[in-house]
Amino acid sequence: MKRDGAFSGWLALLAASATPADRWLLALSATAIVAGIWWPLHGVASHARVALNNQPVMRLPLHQDGEFPVQGRLGEVAVQVREGRVRLLEYASPRMIGTRTGWISRAGQVTACVPCGVMVQVEGGEQNRYDALAK
Amino acid sequence: MTPWPNETPLRHDLMIALLAAAAVASHLLEAVLPALGPWFKPGLANIFTLVALLTLGWRAALAVSLVRVLVASLMLGTLFSPTFFFSLAGAMGAMLALLLAPRPLLGPVGLSTLASLAHMTAQVAMGQWLFFNNTALYYALPWFLVGAWLTGVINGLLAHLILEKFRHYEWSDHYGLDSAS
Amino acid sequence: MSRLILVLFLLLITGCGTPAPTSQHASRLLMGTLITITVWAEPGNKTAEAMRAAFAEMARIEALMSSHRGDSAVSVINQGPRGNWLPLNPEVAQVVEEGLRVQARSAGAFDPGLWPLSRLWGFSRDPPATTPPAAGEIAAWLQERRQGESITIRDTATGRQIRLPNAAAGLDLGGIAKGYAVDRALETLTQQGVANAIVNAGGNLGLIGSKGDQPWRLGIQNPRDENSVAAELSLRGPMALVTSGDYERFFIHEGQRYHHILDPQRGEPSAAGLMSVTILHPSTMTADALSTAVFVLGRAKGLALVEQEKAEALLVLTDGSPVATPGFPGTWLGP
């Protein structure tokens, strides 16, 4: 059995071999897939916006694990991405007040090392349970 | 040995073996051609599972499917590796779809497409579960499904061509191990 | 077959219409903290513009009222001669007056004039301090402070004026200016046509409107676990929810935690038995000042002040247990 190179040959074969139910299935599934591309069920893949002194520095997709250093005002700060979440890892040093190690992953969540001047905000992905947190 | 396939009725057990062998061969062939990457394979082996289903019944199809996964991974040296589980997940997903599909209604093209979509979905789900530090798979699913849809249609057409050939042959109910043909 | 596809395609595109309102967030580092503005509106330029205007307004207030900036109106006053009447910006006057009012009501627990003490402790220094000042320095400050009278404001024909008694007094509006800035940011958003928003300045929340037919869903952070929420509540604006705690700015020195909420009577971080105080009040400025005051006052006197001010509050004691005013609408979640 040789493959027929001509596209029309395939189409003719398709028309001949496809039952009515087949055609419905093909049309529906094609539509569903296109719809899935157009309006992703899971939302846009989330990513993290990293800013230094309010200037954007990096945009990290959250589906890629990694560690990304940023030179903050008090030294190096690592932006860590793991399993769809991101956090700031301040290297414990007596020069930094407090150590923020909270993970964020939902749209709108932010974490920052204020004295370092580094801020990370999540965009896209699932919505957070809370609209804002009083701290 | 009498020349095959003309004069004697086709025997189920031999057919299963043949289809399984063809499936293994296709799988191996695709495995050594890494051109399109791990996710965009033509999946020709599935043609033979489908042919088995439509000529010999679901048990035969299941046999062909399982033999393909096991033997191919044995020969590739990937038995019980993540690749193996991917393969198995895909094959089982496809099998489930084929079993649940309304068979007289859907012809080989529809069945093949359905099975292909199920195969891809099952593999992505397995990938999600096994490699949880990479959530990109989830978002790429619709794109993978485009490929799966296309190969499903093409494989369905190929299966149809094969089935057309087989239509002209007599089939024997013989599952036996006794008489050689 | 092609008709079928056409029908399906048409069904698909009817799904596209005008965008629905969603939550949009923007954040900046301002006023020495993280400011996040959340707006519930249709996505578009109008919202982005409004947020920009609100941030600009907050930056303007920071430039006006920050004691850390040498050129701010507040710094000019702090650098001026003591005992003299100095010209006072009306906006600054408004904030100082509210600060003085809360000071009087809280018997001095809140004090807008602690700049020399704040500078001594260095929490807002860049980089921040990590060791406490010498005990002698604190004692000296206390002594001089007790000698001076309080800061006073007067009105004259040419405008408002302020007088600082001695070198131990200096304007530090850190405990109230953020709240004021939030109120101003909300006003700016309203002027720009935004009806539903939250302005979150380092955990001090001011909100207007709601999320469509749903109220805003808010959480209060667990004082000892940044990743968990201790209490949650649903609110519709206009309202403010301000929390002060010993975990916001602190350093640990020789095993002891020194936090930034100073007790004006002792010259040291307050130790009144509370880990955090959350105040619910329509004005973010007042809520801000009250949260500091109640933290310093401790449970009994703090709750009395809250009642007097017709606010609601949630206190978290150092043992982790919550104490809330009867009218506090939240649900306690965490340990």
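Below, chains carry the letters A, B, ... as their sequence lines are ordered, and counting in each starts from 1. Just the heavy atoms: all of them, side chains too, but no hydrogens, waters or symmetry mates, feed the values below. Just so you know, these numbers come straight off a predicted model, no measurement behind them.
Interface residue A:Arg129: backbone and side-chain heavy atoms are both found under 4.5 Å from chain C. Of the atoms belonging to C:Ala231, not a single heavy atom falls under 4.5 Å from chain A. Contact annotation for C:Ser27: both backbone and side-chain heavy atoms come within less than 4.5 Å of a heavy atom of chain A. The part of A:Ala107 that comes within reach of chain C is its backbone (N, CA, C, O), which places non-hydrogen atoms under 4.5 angstrom from that chain.
Taking all atoms of both residues into account, the shortest heavy-atom contact from C:Leu205 to A:Ala132 is CD2-CB, 3.7 Å. Contact detail for A:Ala134 and C:Leu241: the closest heavy-atom pair is CB-CD2, 3.9 Å. The two residues A:Val110 and C:Thr36 make their nearest non-hydrogen contact at CG2-OG1, 3.6 Å. Of all heavy-atom pairs between A:Val118 and C:Leu29, the closest is N-CD1, 3.8 Å.
Residues forming a salt bridge (Lys or Arg N to Asp or Glu O under 4.0 Å) with C:Arg60 (at least two apart in sequence, or on another chain): C:Glu57, C:Glu91. Residues that satisfy the side-chain hydrogen bond (donor to acceptor under 3.5 Å, both in side chains) test with A:Arg106, not counting sequence neighbours, are absent from this structure.
Atom OH in A:Tyr130 sits 15.5 Å away from atom OG1 in C:Thr38 (nearest 0.5 Å). To the nearest 0.5 angstrom, C:Thr278 atom OG1 is 13.0 Å from A:Lys135 atom NZ.
Between A:Asp131 and the options C:Gln214, C:Arg217, C:Lys211, C:His25, a side-chain hydrogen bond (donor to acceptor under 3.5 Å, both in side chains) holds for only C:Lys211.
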Test side chain to side chain contact (heavy atoms under 4.5 Å, CB included) applied to C:Arg28 and A:Asn54, step by step: CA-CA 6 Å; C:Arg28 297 265 173 93; A:Asn54 292 323; 3.6 Å; yes
Please lay out, stage by stage, how A:Leu133 and C:Val229 fare under the test side chain to side chain contact (heavy atoms under 4.5 Å, CB included). CA-CA 8 Å; A:Leu133 286 182; C:Val229 168; 3.7 Å; yes
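Across C:Thr131, C:Leu207, C:Ile220, the residue that shares the most heavy-atom pairs under 4.5 angstrom with chain A is C:Ile220.
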